[in-house]
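The model shown is predicted, which means the values in this text are computed figures rather than measured ones. Residue numbers begin at 1 in each chain, while the letters A, B, ... track the order of the sequences.
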Amino acid sequence: MKPKMDWSRREFLGGSCAMCALAAMPAVPSSLWLSPPRRVKGLHLVEARHYEKLQNRKIRCKLCPRECVIDDQERGYCGVRENRGGTYYTLVHSRPVTYHVDPIEKKPLFHFLPGTVAFSIATVGCNVECKFCQNWQISQVRPEQVEAFDMPPDMVAEYAKQSGSPTIAYTYTEPVIFQEYVYDCAVAGKKKGVRSVMISNGFIQKDPMDELCTVLDAVKIDLKAFTERFYKELVAGELKPVLDTLKLLVKRGMWTEIVYLMIPTKNDSKSEIREMCKWIVGELGPDVPVHFTRFYPQYRLRNLPPTPVSTLRAAREIALEEGIHFAYVGNVPGDPGENTYCPNCHTVLIRRVGFEILENNLVNGRCPKCHTEIPGVWS
Amino acid sequence: MERREFLKIVTTGPFLIGLTAKSASPKQNPLKSVTRDGKSRVAVARDPDVWRGKRLNEKRVGELLDKAMVAAFGVARPEEAWEGLFSRGETVGIKVNCLAGRHMSTSQELVWAIVERLKKVGVSARRIIVWDRLNKDLEKAGYKLRFYGPGVRVYGNDHAGYYPRLFVAGEVGSLVSNVAVKECDALIDVPILKDHGIVGVTIALKNYFGAIHNPNKYHNDIGDPYVADANLIPPLRNKTRLIICDAFLAQCDGGPPFMPQWAWKYNGLLVSTDPVALDTVGWKIIEDRRKEVGLPSLKEAGREPTYIATAADAAHRLGQHDWSRIETVEI
């Protein structure tokens, strides 16, 4: 059977970028593919795991810091969890709306099994509303508004294995809002020797994140700015809980990388970047990679230009000055800032163009020249 | 007919029919419920005998609606008001609120009374759409879904779909139901009079959260300014010609779900073309009832519906919130 190339809206809208990403995919023997998953409509209810019951059939969601108090028959801010008669349900468990095999570099995770692919899934929904969202057609909608696939955790794990992906990635929208599904897929993956990574905004409470830490292998956090004002005005979220999540991840020993999307005039001041880098070095340590990525006008923020490459390079320089060992420039294919350099002798360890690895010179996770151990998950 | 003209018609005609059922000539300068000195008029019509046991008396509902229309528009006969609002050949959407199920939703007796009056001014049944957020909401409230056929259509946004253009108004960015954007020339907002546990009250302005695809994103900060912003979305703002609030059974606390202990028979209708003035009057009715039964004011409860004032500010201008600019006519 021919592999199913089921394009999500993101890929479709992403145009040439997505094509490049798919072109970088390794060939998958078509005979290994399972039947495509069934497309389904209608809501699929699984009781949520993090909430408390209140009086008058109300509930309080304990998944993200919003703590939505939800009346009977109503949904929380994310739009994918519903109170029915005082019992709270997730409506998206086993109902991804898109699935793909992506290079792990696309997440981006640069220090996690470089050159491999991740079986990537997403359900609808998000617990924030970034005015610059790239995937708003799936992140800002409700389950009944988009056709989904029937894909229980075991099937996700099997797809990942059959497609040659050593990893399942929960990505594109916001995995926090499908936390139970992430957990169950990660458990199913582990049984088949498939790892799991989460690409998240980090806007989650401690308990559900702690639970996920027991089954995940890496997390990438979108740190969207370093001011509460930005989070309030452009994200409809809060900064502090995200910083708390980052600290929790590092404390748990989770492999963590940070992406900072630089939006002209909104979060790109040198002072903000410097302050953030100081915080990262002080609270998380110098080995957490930071990716400064390029903004393109999207969704409700179309009045700003793409980030100048010079701004991204300047941010990277600031990060290196402040002691961050691995600072990257993102969404600028071919920029030297995409490469991984040894923090000790500055030898090029991994040379990249876009999502493609041109050279990987690491030897057992060490610099081939000075033998410095490079933090990451390399095998 | 020239060959070229013929081909143009046969190729574009079906496309246009498929795209929209709208009339070629929507009503120009529809009536407004305003006084001679420019105040917004809100008719509050009540009838203690509108209920027959647990059901509404259809005849009395119709009569009350007629009285309310006459009072709201200052006309001699209700037909004059309907004729001043809608034209033959137009497609009219009736936006109901059925979230809370059979007991606390826009009543069918009222909706069918509205339908009959639309038909009398020449709006054909197949050009009337009774709609809400979801098919299941309508069904739970007792409506029978009807997607096709010669009669009145009844369906949710999940059947109609959303117009694929993002409408941005203030802080709101939403897709809007095809019923409002593509299918209708005119809208009648037919909310209920109810407390809302997050935004204070849900009446006319809040009812249009059921027309957008992402209302869950806009309940923060007691819905202010989001509720007002949503009502700025052009198809909603420009097409709404009439608001008829079903206040036969109202609810002063515990909303949006139906809470019988907080529901009371108000036995009335509120009619206006000004959603802000109508919400201002409706909010007061709820506050009065809360006081009567010993509940704190909505402000004291931490959910004063400030979005109503915002809807009247210079950035929105959706209607009047100042009592000196509102004339309430009680019947």
Side-chain angles (χ1 to χ4, degrees), chain A residues 9 13 41-43 54-61 66 68-86 91 124-133 136-147 177 232-238 298-303, chain B residues 98-102 104-105 133-137 140-141 156-162 164-175 177-178 194-199 202 209-210 212-221 223 226 229 251 253-262 302-303:
Chain A
R9 292 187 186 199
L13 293 171
K41 279 192 169 180
L43 299 177
L54 305 174
Q55 284 186 329
N56 293 326
R57 305 195 303 272
K58 291 186 181 191
I59 66 93
R60 177 181 284 114
C61 183
R66 287 185 190 284
C68 294
V69 174
I70 303 165
D71 282 297
D72 185 17
Q73 304 301 319
E74 291 275 9
R75 295 189 193 173
Y77 183 89
C78 60
V80 303
R81 288 165 183 268
E82 188 167 296
N83 177 353
R84 293 204 179 178
L91 308 175
V124 295
C126 186
N127 60 345
V128 295
E129 191 201 3
C130 299
K131 288 191 166 66
F132 44 89
C133 184
W136 68 271
Q137 294 96 335
I138 51 175
S139 73
Q140 301 300 321
V141 300
R142 296 154 74 101
E144 62 271 25
Q145 293 165 357
V146 179
E147 200 172 58
I177 60 90
K232 181 173 172 52
E233 292 179 358
L234 293 169
V235 177
E238 295 170 64
Q298 296 278 357
Y299 191 35
R300 296 169 60 186
L301 212 55
R302 292 175 173 274
N303 59 334
Chain B
C98 295
L99 177 72
R102 192 176 291 268
M104 185 49 68
S105 293
R133 203 180 56 144
L134 296 170
N135 288 335
K136 80 173 170 68
D137 291 349
K140 276 194 307 183
N157 296 331
D158 44 346
H159 171 74
Y162 293 90
R165 171 194 149 191
L166 188 74
F167 287 94
V168 177
E171 291 298 311
V172 167
S174 296
L175 303 178
S177 170
N178 277 328
K194 189 172 66 169
D195 170 85
H196 191 288
I198 300 173
V199 305
T202 171
F209 265 26
I212 62 176
H213 86 292
N214 55 351
N216 47 295
K217 297 293 179 187
Y218 301 125
H219 285 77
N220 288 353
D221 302 324
Y226 308 108
D229 288 348
Q251 185 171 316
D253 198 41
F258 176 54
M259 293 281 176
Q261 66 271 39
W262 302 118
R303 49 193 173 93

Trainee: Non-hydrogen atoms of chain B under 4.5 Å away: do they reach the side chain of A:Cys78, the backbone, both or neither?
Mentor: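 Interface part for A:Cys78: backbone (N, CA, C, O).
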
Trainee: On a heavy-atom basis, which atom in A:Val69 and which in B:Ile198 lie closest, and how many Å separate them?
Mentor: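 Taking every non-hydrogen atom into account, O-CD1, 4.3 Å.
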
Trainee: Select one option (side chain, backbone, both, neither) describing which atoms of B:Phe258 are under 4.5 Å from chain A's heavy atoms.
Mentor: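 Backbone only.
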
Trainee: For the atom pair CZ (A:Arg66) and CG (B:Asn220), what is the distance rounded to the nearest 0.5 Å?
Mentor: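 Between A:Arg66 CZ and B:Asn220 CG, I get 5.5 Å after rounding to 0.5 Å.
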
Trainee: In Å, rounded to the nearest 0.5 Å, how long is the span from CG of B:Asn157 to CZ of A:Arg142?
Mentor: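 Going from CG on B:Asn157 over to CZ on A:Arg142, the span is 10.0 Å.
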
Trainee: Show the nearest heavy-atom pair for residues A:Glu129 and B:Asn214, with the distance to one decimal.
Mentor: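 Heavy atoms of A:Glu129 and B:Asn214 come nearest at OE2-ND2, 4.4 Å.
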
Trainee: Nearest heavy-atom pair of A:Asn56 and B:Gln261: which atoms, and what distance?
Mentor: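 That closest heavy-atom pairing would be OD1-NE2, 4.4 Å.
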
Trainee: Tell me, do B:Leu166 and A:Trp136 make a side-chain contact under 4.5 Å, heavy atoms counted?
Mentor: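 Side-chain contact under 4.5 Å: yes.
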
Trainee: Residues two or more places apart in sequence or in another chain: which of them pass side-chain hydrogen bond (donor to acceptor under 3.5 Å, both in side chains) with A:Lys232?
Mentor: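 side-chain hydrogen bond (donor to acceptor under 3.5 Å, both in side chains) check on A:Lys232 returns nothing, list empty.
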
Trainee: How many angstroms lie between atom CG of B:Leu99 and atom CG of A:Asp72, to the nearest 0.5 angstrom?
Mentor: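 Here the rounded value is 9.5 Å.
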
Trainee: Please round to the nearest 0.5 Å and tell me the distance separating atom CE of B:Met259 and atom CZ of A:Arg57.
Mentor: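 Rounded to the nearest 0.5 Å, the CE-CZ separation comes to 4.5 Å.
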
Trainee: Is it true that a side-chain atom of A:Gln145 and a backbone atom of B:His213 form a donor plus acceptor pair closer than 3.5 Å?
Mentor: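 Yes, the answer is positive, given that a donor and an acceptor are paired below the 3.5 Å cut-off.
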
Trainee: Please classify the contact of A:Lys41 with chain B as side chain, backbone, both or neither, using a heavy-atom distance under 4.5 Å.
Mentor: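 No part of it gets close to chain B.
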
Trainee: Identify the two heavy atoms, one from A:Asp71 and one from B:Pro257, that lie closest to each other, and give their separation to 0.1 Å.
Mentor: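 That closest heavy-atom pairing would be CB-CD, 3.6 Å.
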
Trainee: Side-chain contact test, heavy atoms from C-beta onward, threshold under 4.5 Å: evaluate it for B:Pro215 versus A:Glu74 and give yes or no.
Mentor: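 SC-SC contact between B:Pro215 and A:Glu74 ruled out.
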
Trainee: Quick one: of A:Gln140, A:Lys58, A:Gln73, A:Lys131, who has the most non-hydrogen atom pairs under 4.5 Å with chain B?
Mentor: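 Top count of heavy-atom pairs under 4.5 Å with chain B: A:Gln140.
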
Trainee: Tell me, side chain or backbone of A:Glu144 under 4.5 Å from chain B's heavy atoms, or both, or neither?
Mentor: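 A:Glu144 touches chain B through side-chain heavy atoms alone.
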
